[in-house]
Participant: 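Could you have a look at this structure, given as structure tokens, before my questions?
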Amino acid sequence: MICAIMVESMGQVKHYSAPVGGQELINLAQKLARDAERHAILSASLASQADRLMETGLRLLDPPPPPKGTPKPRAQA
């Protein structure tokens, strides 16, 4: 008999306590691999969005460049 604990994609924990065959273990492993891949893709997407937001925020914090044709201030000696 094999007892397994599996975390579903929405964070729900399911406990299984029943005889498990080889094919069931393979199916479970494949499902877990698909879930892991989905989470990795979502994580990469969220990280990319965070990078874009960070870059935009940093650009907004930078002072705007002076308008062209404006003379630069001279250094006082």
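No experiment lies behind these values; they were computed from the predicted model shown. One is the number of the first residue; the rest follow in order along the sequence.
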Participant: Which residues satisfy the side-chain contact (heavy atoms from CB on, under 4.5 Å) test with I41, sequence neighbours excluded?
Facilitator: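 Listed in chain order: E37.
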
Participant: Are side-chain heavy atoms of L58 and D62 found at a separation under 4.5 Å?
Facilitator: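 When only atoms from C-beta onward are counted, D62 and L58 do not touch, as no gap falls below 4.5 Å.
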
Participant: Going from CD on Q49 to CG on L53, what distance comes out if it is rounded to the nearest 0.5 angstrom?
Facilitator: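 Here the rounded value is 7.0 Å.
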
Participant: Which residues end up grouped with L42 if you chain together Ile, Leu, Val, Met, Phe, Trp and Tyr wherever their side-chain heavy atoms are less than 4.5 Å apart?
Facilitator: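 Grouped by the 4.5 Å side-chain rule, L46 form the rest of the cluster around L42.
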
Participant: Calculate, to the nearest 0.5 Å, the distance between atoms CG and CD belonging to L25 and Q30 respectively.
Facilitator: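 Taking CG in L25 and CD in Q30, the distance rounds to 11.5 Å.
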
Participant: When rounded to the nearest 0.5 angstrom, what distance separates NZ in K31 from CG in D35?
Facilitator: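 If I round to the nearest 0.5 Å, the distance is 3.5 Å.
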
Participant: Taking only residues two or more places apart in sequence or in another chain, which ones pass side chain to side chain donor-acceptor pair (under 3.5 Å) with S48?
Facilitator: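 Side chain to side chain donor-acceptor pair (under 3.5 Å) check on S48 returns R52.
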
